[in-house]
Amino acid sequence: MTAEKSLPEAYARKLISIVSRDRGGRGVSKLCRYDDWQAAAAAFAPLRKVAVVSGFYIPGAGAPETDGPGGAVMLARAFLREGRGSEVWTDELCLDVMKGAAAAAGYPERLVKVAPERLDDDPPEGVIFTERLGRAEDGGYYNFRKADITKWTPPLDELAFVAGERGIPTLGIGDGGNEVGMGNFYEELKKLLPAYASCLCTVRTDYALAVDVSNWGAYAMTAALSFM
């Protein structure tokens, strides 16, 4: 469908203001734009089935990042409660934590799965990435400390390219510049974060939202879609 401005302006701007005040001082959420939210909401509101891709393993902690699982399961749960289909996709390293988040939120654990490599069998109508690392210009995956964590990061960002080939819309939500979808802001982020430029994600999505915290962005998108 054509992306139309379907959210009341005051409502949309209030949501945006809550999640893009640059509270962390990274500057990424300065790229949070009203038109991006309207376009993403209009594109994803009609979809009958989505996959939400998340999970960000931190080798130094021996556990996944706490940002990502909460937002992913809440967004997927909203689709399910609307009588639509949804699944949460992640990797083996993040699977247990993602299932735990699902259980806490009342989202069926059976719908939390290791992401497929392809979208051949009963594909979703849309794919949402939230706080999922995307490859940098050199093909590696980096945390915000510039550490190369490629070894612990299965290339789930490949699904953005696979979905594009199938004409399946994609949405990326990120807060650091290294997540899938932040490639939409690549040139602007290089200017905002020059010291981190070599680690920025180059993977683009059809729609992208830059926020203070990825979980917050997912909650806000849940609110926007629920309103519609």
Side-chain angles (χ1 to χ4, degrees), residues 1-4 31 33 35-57 68 71-72 75-76 78-80 84-95 98 111-142 149-174 176-190 199-210 214 217-218 221 225:
M1 66 175 290
T2 301
E4 298 175 353
L31 303 176
R33 295 166 180 147
D35 287 347
D36 290 342
W37 281 84
Q38 290 285 15
F44 278 79
L47 303 186
R48 305 303 304 177
K49 181 182 179 181
V50 300
V52 186
V53 185
S54 192
F56 179 161
Y57 192 77
L75 190 48
F79 274 89
L80 204 63
R84 310 179 190 212
S86 70
E87 291 182 348
V88 174
W89 293 349
T90 189
D91 59 47
E92 290 280 4
L93 290 170
C94 299
L95 186 61
M98 200 69 72
L111 297 179
V112 180
K113 305 176 180 181
V114 172
E117 293 183 3
R118 305 294 299 174
L119 300 176
D120 296 329
D121 300 324
D122 190 25
E125 294 182 0
V127 181
I128 302 171
F129 298 86
T130 180
E131 193 62 21
R132 180 66 200 187
L133 283 188
R135 68 197 66 177
E137 192 170 28
D138 66 357
Y141 299 86
Y142 297 88
I149 58 172
T150 304
K151 180 180 177 181
W152 296 272
T153 309
L156 302 192
D157 54 339
E158 184 67 27
L159 290 169
F161 303 108
V162 174
E165 292 172 352
R166 297 285 299 270
I168 297 171
T170 53
L171 166 64
I173 302 172
N178 54 351
E179 304 93 350
V180 179
M182 295 301 99
N184 290 33
F185 311 111
Y186 183 64
E187 294 300 328
E188 294 161 291
L189 285 170
K190 284 199 296 184
C199 302
L200 292 170
C201 174
T202 60
V203 179
R204 297 176 60 89
T205 47
D206 294 311
Y207 308 93
L209 307 175
S214 295
M221 180 50 60
L225 293 175

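Computation of the quantities below employed the complete heavy-atom set of this structure, encompassing side-chain atoms and omitting hydrogens, waters and symmetry-equivalent molecules.
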Mind running side chain to side chain contact (heavy atoms under 4.5 Å, CB included) on R166 and R118 for me, showing each step along the way?
CA-CA 10 Å; R166 297 285 299 270; R118 305 294 299 174; over 6 Å; no

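- Side-chain contact between V52 and M98 is absent, with no heavy atoms from C-beta onward closer than 4.5 Å.
- Considering only heavy atoms from C-beta on, L209 comes within 4.5 Å of W37 through its side chain.
- Between D91 and R132 a salt bridge is recorded (basic side-chain N to carboxylate O distance below 4.0 Å).
- With a 4.5 Å cut-off on side-chain heavy atoms, L225 and L75 count as touching.
- Nearest heavy-atom pair, G181 versus C201, reported as atom, atom and distance to 0.1 Å: N-SG, 4.5 Å.
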Run the side chain to side chain contact (heavy atoms under 4.5 Å, CB included) check on L189 and L31 step by step: do they pass?
CA-CA 9 Å; L189 285 170; L31 303 176; 3.7 Å; yes

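- Residues R135 and V203 have side chains in contact (heavy-atom distance under 4.5 Å, counting atoms from C-beta outward).
- No donor-acceptor pair closer than 3.5 Å links the side chain of T150 to the backbone N or O of G140.
- Put simply, the side chain of D206 gets close to the backbone of T170: a donor and an acceptor are under 3.5 Å apart.
- Heavy-atom minimum distance, F129 versus A160: CZ-N, 3.6 Å.
- Between Y186 and L200, some side-chain heavy-atom pair lies under the 4.5 Å cut-off.
- At least one donor-acceptor pair closer than 3.5 Å links the side chain of S86 to the backbone N or O of A76.
- Counting heavy atoms from C-beta on, the side chains of L133 and Y142 never come closer than 4.5 Å.
- T90 contributes a side-chain N or O that, together with a main-chain N or O of S54, makes up a donor-acceptor pair within less than 3.5 Å.
- Y207 has its side chain out of reach of D36: every pair of non-hydrogen atoms, C-beta onward, lies at least 4.5 Å apart.
- To the nearest 0.5 Å, the span separating CD on E87 from CZ on F79 amounts to 13.5 Å.
- With rounding to the nearest 0.5 angstrom, the CD1 atom of I173 is 8.5 Å from the CE atom of M182.
- Side-chain atoms of R84 never come within 3.5 Å of backbone atoms of K49 as a donor-acceptor pair (strictly under, hydrogens ignored).
- Side chain of E179 to backbone of G177: a donor-acceptor contact under 3.5 angstrom is found.
- Taking all atoms of both residues into account, the shortest heavy-atom contact from A208 to L171 is N-CD1, 4.0 Å.
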Quick one: do N178 and Y141 satisfy side-chain hydrogen bond (donor to acceptor under 3.5 Å, both in side chains)? Show the steps, please.
CA-CA 8 Å; N178 54 351; Y141 299 86; over 6 Å; no

Derivation of the side chain to side chain contact (heavy atoms under 4.5 Å, CB included) call for V53 and V127
CA-CA 7 Å; V53 185; V127 181; 3.8 Å; yes

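- Between P169 and F44 the shortest side-chain heavy-atom distance falls below 4.5 Å.
- Look at E137 and K190 and you find no salt bridge, because none of the NZ, NE, NH1 or NH2 atoms lies under 4.0 Å from a carboxylate O.
- Under the 3.5 Å distance criterion, the side-chain polar atoms of N184 are matched with a main-chain donor or acceptor of T205.
- Shortest non-hydrogen contact noted between A218 and T130 is CB-OG1, 4.2 Å.
- The two residues E131 and S214 have their closest heavy-atom pair at OE1-OG, 2.6 Å.
- Here the closest non-hydrogen pair linking P124 and A51 is CB-N, 3.8 Å.
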From CA spacing to verdict: side chain to side chain contact (heavy atoms under 4.5 Å, CB included), R33, F185:
CA-CA 11 Å; R33 295 166 180 147; F185 311 111; 3.7 Å; yes

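- Judged purely by atom type and a 3.5 angstrom limit, R48 has no side-chain atom pairing as donor or acceptor with the backbone of G85.
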